[in-house]
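Some notes on the structure that comes next.
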Amino acid sequence: MLDTDIQSISEQIKRVRKYIKLKILEDNINFRNHDEERKHVYDLITRVILHGESHSALIIGPRGCGKTTLLNSVLHQVSQEADVQNDALIIKLNGLIHGDEKIALKSITAQMQLENAVGDHIFGTFAENLSFLLSCLKTGTDRTCKSMIFILEEFDLFCHSGRTQTLLYNLFDITHSKQAPMCVLGVTNRMDVMELLEKRVKSRFSHRHIFMFPNETCSDPLTSCKRLFVDTMSLPTSLGKRRKDKRKRKKSECIQEDIQTDRYAVPMEVIKRCNMDVTDFEIDSTFIDEWNTHIQELVNDDKFMDVLEKFSYYTVNEQIYRNVMYQIISKLSSSKPYIHVSDVSSCVDETVCPEHSVKLLQSLSILELSLVIAMMHGLEIFDGQPMNFEMVLHRYTKFANTNSSTQSVPRPVILKAFEHLHQLEIIVPIRTDSTGDTTTSRVQKEYKLYTLGIPVEDIKEAVKGFKALPTEINHWFNSSVM
Amino acid sequence: MEELISTIPCREHQLQDLMDLLGEGDEPLPYSLFVSGSMATGKSLCVSKLLQYLNYKHVFIDCIECYSPKILYEAVVTGLTDQEDVKCDSMWELTNILNGVCVQTFKYKPIVLVFDRAERLRTMDQNMLMAFLRLREFCNLNICTIFVTNLVNENFYFKMGVREPIKLYFPNYTKDELFKIIFLNQKSFVNYLLSSSDACIDGQLKEDLENPELFANFLNAFLSVFYRPCRDLIELQHMARVNFVKYCEPIIKNEIKSTDLTKLWRHIAPILKTSLELLYLRINTSKSVQSPAKENNATLEETTRSYENTLKEELLSTKTFAQSFELPYYAKYLLIAAYLASYNPPKEDKRLFMKNHGKQKKKLQQVRAKAKITEKLNTQLGPKVFTLDRLLAIFYAILEDKIGLTSNLLAQIATLVELKLIAGSKEVDLDVSKYKCIVGYDFIAAVAQTVGFNVRKYLYDFI
């Protein structure tokens, strides 16, 4: 009896973990805050689809403030209200993938499902190709075209500097020429994106900017953090087990209905996309109640709120916040079925101030650390002028000679240690100007100039916390060189 | 899981963290993980072993091996689909394949891409790393990318910002942990010892050598010396292997009993100290192993001394290296002249090389000597370029006997350039091209010694 109990609990926990992870990672439809901006985008898209108008707009906002989620949620809503399948074509491009114009065009063709129509056609220009694609889309007697929605993510990567922005020019040009109803939505995190556009592209753009800032709608980042935490961590009551006499098919239908209304639930589309079934997530309803009260308790806990507050001081990026929540959830197990505040706080500390460079410095050997200190002193004396190996070696040997207890190390070993530091990018070579003739400008590695790649504060911190650091090195570090 | 932890000692915490993040079976994977830590801390080992244990579909990509984007994409595709000779040129094609073939075969099963030595990805193509960080967005798969590198995350920042990965840090092994890990390989150490010694080892002696206590004692002594300058497990293991043979030598020769720890320590301490100087250099010391073996009745001190002597010879290799060139007499002087031309400022030539350079400069010189900053010495800033005219002028100034400028002499300059002792531009015309001496002070001092020339006397830095 006890065994089965434990088993069922671990099963429950597994399901909870999976469900909440799904919610954290895959739910790109639920959208919070920014109602005004959302309405704006929604209006634009519906006007294109229903009335055949042409528009262009840019959505600008820092990373992790929900630009893509906004678009996804709008498209989701539109797809429920209008017949998007037949009335419109949604073409998504991402600057990271389709940054090259040839690839972008190929992808557009593929997304329009026109590969067969294009076949072996050879086009002189980009514009020719694009207009051919558009003419292919015209159907019926009145030769009208479906309305098209172009979504360009990482918009700034389409603005190649130096090369002509053919894709953008053509897209914006069509929004004016009434060839077809078309909406071009750019998504970017660069505020200065307008400066990147060519003059002819800029003049064709509608200059409709939609700005999104994380803290616009609610003044306090802490409350939005808290709300998001409750929203994602709570389980929907609809997942509770039904009475057993109902038939299976009916049950899943029932759940589906409930999910439409529950605000804690993952939308059905998401679950379907992930090839999962809602019935996988059946959880005991008493357990759900317990869990939800647990979450509420957590939120009312002062310590927990302190941790959240600390996090919200550092960043408002929702992606990072989701990472934190993911880490918290992944810690759950049958032996530890609830979230501990200490876990959360250690996780947040890890995320906001990882101090990896300090740890890296502390992992160095004494010789390598001595070289770093020698370099630091040298930079202090000469006002941050770069140093080469010979100079560092000179400072180091000066120190080593005054301290008889340090073992003498041959020069090649020191050079090796120096190269190791370079490999770890604790010291970075300064850029040399490419002028000067080729044979003489190349310098031997002993004479290459380096500066420190790590702030002095980190070195101080590392020396302070270094385990078993010889006293003379500590002394040397603290002695003022001036 | 217990099994896995026992095979990878001293990484329980990291393994548990990784395990938690990767979850079980069909749970959604995180977007990306960033695993960093110093060299030889078991990053790749932990990740690959855990993925094998979890039985997730994974592709392990070494970014040195896959040095260009195309090779890397194709490696990913072949790893996932088991198809040979696939063509994949761009990120777009990769996502197409992922969305096409892989979605059908994998549904929502977990897929993990591991990029070892991910620091190389930065220089390949900036967009590539950013795209891999958010690969999940582009394809409808339960896919996760893991980046393994020994750089810290700060070195990966771009001006545009990226989707932040979840970061994991692997700390160095402590001294005790190093002891534990090296001790695990005790058997292989003993085998290496047995195979490397040519004396026949009979039953009792073999038993003594195989005694783990002996090895533990050695390891304690070894780490007490080596832990300070070196934390690299691989290097430590290598050095331990070399030194364990030395440690056991007197036991094999029946000079010291394997239980006499103080005597053994006295025997090994100087050897450890000298081999400390060879750290990372991987100089072959096989010669020195044989030489003390010949004199069987020599005392302990003598063996170590002869060992040290051979070591010193190795360390003075620049000298032997310099002599190995067997340069002709004038070529040596030409090389010295080149060195002086590279490391002396041209305007001091007059004072250094002419007999009558006027007296009034002495005062100035004293003032300047005081103002000289040690860090700004010419010998530390690297060689400067010089013209052929200057080289020949210095050559004639330091050479006592007068010889004519023949084509032979000029040919020797070309030889020095060929030998990469002097760097010269490729121009045909000797008069226009500029040269630079690229050998160090140690080398030139060795060369100068053979012709009885004092280089320091003519170096501006040392006056």
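Chain letters run A, B, ... following the sequence lines, proteins first and then strands; every chain starts at 1. Just so it is clear, the model here is predicted, and its values are computed rather than measured.
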Under 4.0 Å between a side-chain nitrogen and a carboxylate oxygen: does that hold for [X] and [Y]?
X      : Y      : result
B:R134 : A:E154 : yes
A:E350 : B:K167 : no
A:K336 : B:D20  : no

Listed partners of A:D192 passing salt bridge (charged side-chain N to carboxylate O under 4.0 Å, His left out), at least two apart: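 Scan of A:D192 (salt bridge (charged side-chain N to carboxylate O under 4.0 Å, His left out), adjacent residues dropped) gives A:R190.
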
Ring pair (Phe, Tyr, Trp, His ring centres under 6.0 Å) partners for B:F226, two or more places apart: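 B:F222.
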
Closest non-hydrogen atom pair, A:F466 against B:R231: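 Smallest interatomic distance, heavy atoms only, reads CZ-NH1, 4.0 Å.
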
Closest heavy-atom pair and its distance - B:P28, A:K21: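 Between these two residues, the closest heavy atoms are O-CD, 3.7 Å.
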
Residues in residues 102-109 of chain A that sit under 4.5 Å from chain B, counting heavy atoms only: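 A:I103, A:K106, A:S107 fall under the 4.5 Å cut-off.
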
Side chain / backbone / both / neither for [X] at chain B, heavy atoms under 4.5 Å:
X      : answer
A:L25  : both
A:L364 : backbone
A:Q362 : backbone
A:N323 : both

Worked verdict on B:R122 versus A:E425 for salt bridge (charged side-chain N to carboxylate O under 4.0 Å, His left out): CA-CA 13 Å; B:R122 292 178 305 170; A:E425 296 190 15; 2.6 Å; yes

Straight-line distance of B:M19 CE to A:S333 OG, nearest 0.5 Å: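 Interatomic distance, B:M19 CE to A:S333 OG, rounded to 0.5 Å: 11.0 Å.
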
Residues that A:K14 engages under side-chain hydrogen bond (donor to acceptor under 3.5 Å, both in side chains), provided they are two or more places apart: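 With sequence neighbours excluded, A:K14 shows a side-chain hydrogen bond (donor to acceptor under 3.5 Å, both in side chains) to B:E24, given in chain and number order.
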
